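In what follows, residues are counted from 1 in the order of the sequence shown. The structure presented is a predicted model; accordingly, all values stated were derived computationally and were not measured. In listed order, ligands and their atoms are each counted from 1.
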Amino acid sequence: MSYVYDDQNIFARILRGEIPNKTVLETGHSLAFEDIAPQAPHHVLVIPKGRYVNYDHFALEATEAEIVDFTRTIGAVCKMLGVQPSRDGQGYRLISNCGAHGVQEVPHLHVHILGGRVLGRMLQPA
Ligand code: AMP
């Protein structure tokens, strides 16, 4: 199958500098910025700069350099937020919503990093 990427999605526009964002960290292949509608005291989105629709697209087709950079950026943001359980942080949750059942709103891969409070159970009843 092939993935269809919408160049007008809001994160593509952020990457092109057309709309502002509150950047937390920028690397060669990735950008981390604050979610505009935070669901927890810490709510950061991490996106690759490449044109990937969702996580499976990225996992199957991204270069190794992009995958390493994206993964390390997630780690670096967790470190910056001070949420690492192994370093006296109180933990966090990673979420990547994909497609209709995942209720993905923005069709550019993003991982949510949420923390700063107890987040409750993983899923609410449908
Ligand atoms: P989802 O696609 O459902 O995983 O979530 C998309 C997320 O993007 C939501 O949490 C929105 O609050 C967030 N969002 C949408 N527009 C912006 C923006 N311009 N800057 C930062 N976050 C945004």
Side-chain angles (χ1 to χ4, degrees):
M1 74 165 280
S2 62
Y3 295 92
V4 178
Y5 183 83
D6 171 14
D7 281 303
Q8 294 309 314
N9 80 73
I10 197 147
F11 294 167
R13 297 184 64 205
I14 284 176
L15 286 167
R16 289 196 296 268
E18 294 172 4
I19 55 174
N21 74 92
K22 291 187 179 174
T23 297
V24 173
L25 181 63
E26 182 169 10
T27 68
H29 292 293
S30 308
L31 179 68
F33 54 97
E34 293 180 12
D35 195 292
I36 202 167
Q39 303 293 309
H42 299 305
H43 190 167
V44 175
L45 302 173
V46 184
I47 66 174
K49 291 183 176 178
R51 300 166 73 257
Y52 299 101
V53 176
N54 60 25
Y55 200 92
D56 56 271
H57 185 194
F58 183 75
L60 289 167
E61 297 190 2
T63 66
E64 292 191 10
E66 288 175 313
I67 291 169
V68 169
D69 186 285
F70 186 67
T71 304
R72 296 285 194 217
T73 299
I74 292 169
V77 171
C78 290
K79 192 173 181 180
M80 291 170 71
L81 297 176
V83 295
Q84 296 164 274
S86 58
R87 300 285 175 131
D88 293 333
Q90 295 299 307
Y92 59 93
R93 180 171 295 155
L94 298 182
I95 298 174
S96 191
N97 298 315
C98 301
H101 281 193
V103 194
Q104 180 180 7
E105 293 176 9
V106 180
H108 180 112
L109 168 61
H110 50 284
V111 168
H112 299 254
I113 303 176
L114 295 145
R117 67 169 171 81
V118 176
L119 295 164
R121 291 187 61 80
M122 186 170 64
L123 297 175
Q124 302 300 320

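Every atom of ligand 1 is numbered from 1 in the order shown, and the set under 4.0 Å from a heavy atom of F33 is 21 (C). Residue-ligand proximity, H112 to ligand 1, at heavy-atom distances under 4.0 Å covers atoms 1 (P), 4 (O), 5 (O), 7 (C), 10 (O). Using a 4.0 Å cut-off to heavy atoms of E34, the atoms of ligand 1 that qualify are 21 (C). For ligand 1 and A37, the ligand atoms under 4.0 Å from any heavy atom of the residue are 12 (O).
In terms of protein heavy-atom proximity, atom 21 (C) of ligand 1 is nearest to I36 N, 3.3 Å. In terms of protein heavy-atom proximity, atom 8 (O) of ligand 1 is nearest to F11 CZ, 3.4 Å. Closest protein heavy atom to atom 11 (C) of ligand 1: D35 OD1, 3.5 Å.
Between H112 and H110, the distance from one ring center to the other falls under 6.0 angstrom. For H42 and Y92, the distance between ring centers is not under 6.0 angstrom.
Using bins of under 30°, 30° to 60° and over 60° for the plane-to-plane angle, the ring pair Y55/F70 lands in the tilted bin.
For E64, the CD atom counts as loosely surrounded, since its 6.0 Å shell holds 12 or fewer non-hydrogen atoms of other residues, nucleotides or ligands. For R16, the CZ atom is densely surrounded, since the number of other residues' heavy atoms within 6.0 Å is greater than 12.
Distances between N or O atoms of L45 and those of ligand 1 include no value under 3.5 Å. Taking distance alone, with nitrogen or oxygen atoms compared against 3.5 Å, V103 approaches ligand 1 more closely than that limit. Looking at V106 next to ligand 1, an N or O pair under 3.5 Å apart turns up.
When H110, Q104, E105 are ranked by how near their heavy atoms come to atom 4 (O) of ligand 1, first place goes to H110.
A donor-acceptor contact under 3.5 angstrom links the side chains of Y3 and D56, judged on distance only. There is no side-chain donor-acceptor pair under 3.5 Å between D69 and H29.
Side-chain contact check for V53 versus L109: every heavy-atom pair is 4.5 Å or farther apart. F33 has its side chain within reach of I47: a pair of non-hydrogen atoms, C-beta onward, lies under 4.5 Å apart.
Heavy-atom separations between K22 and ligand 1 are all 4.0 Å or longer. Heavy-atom separations between Q39 and ligand 1 are all 4.0 Å or longer.
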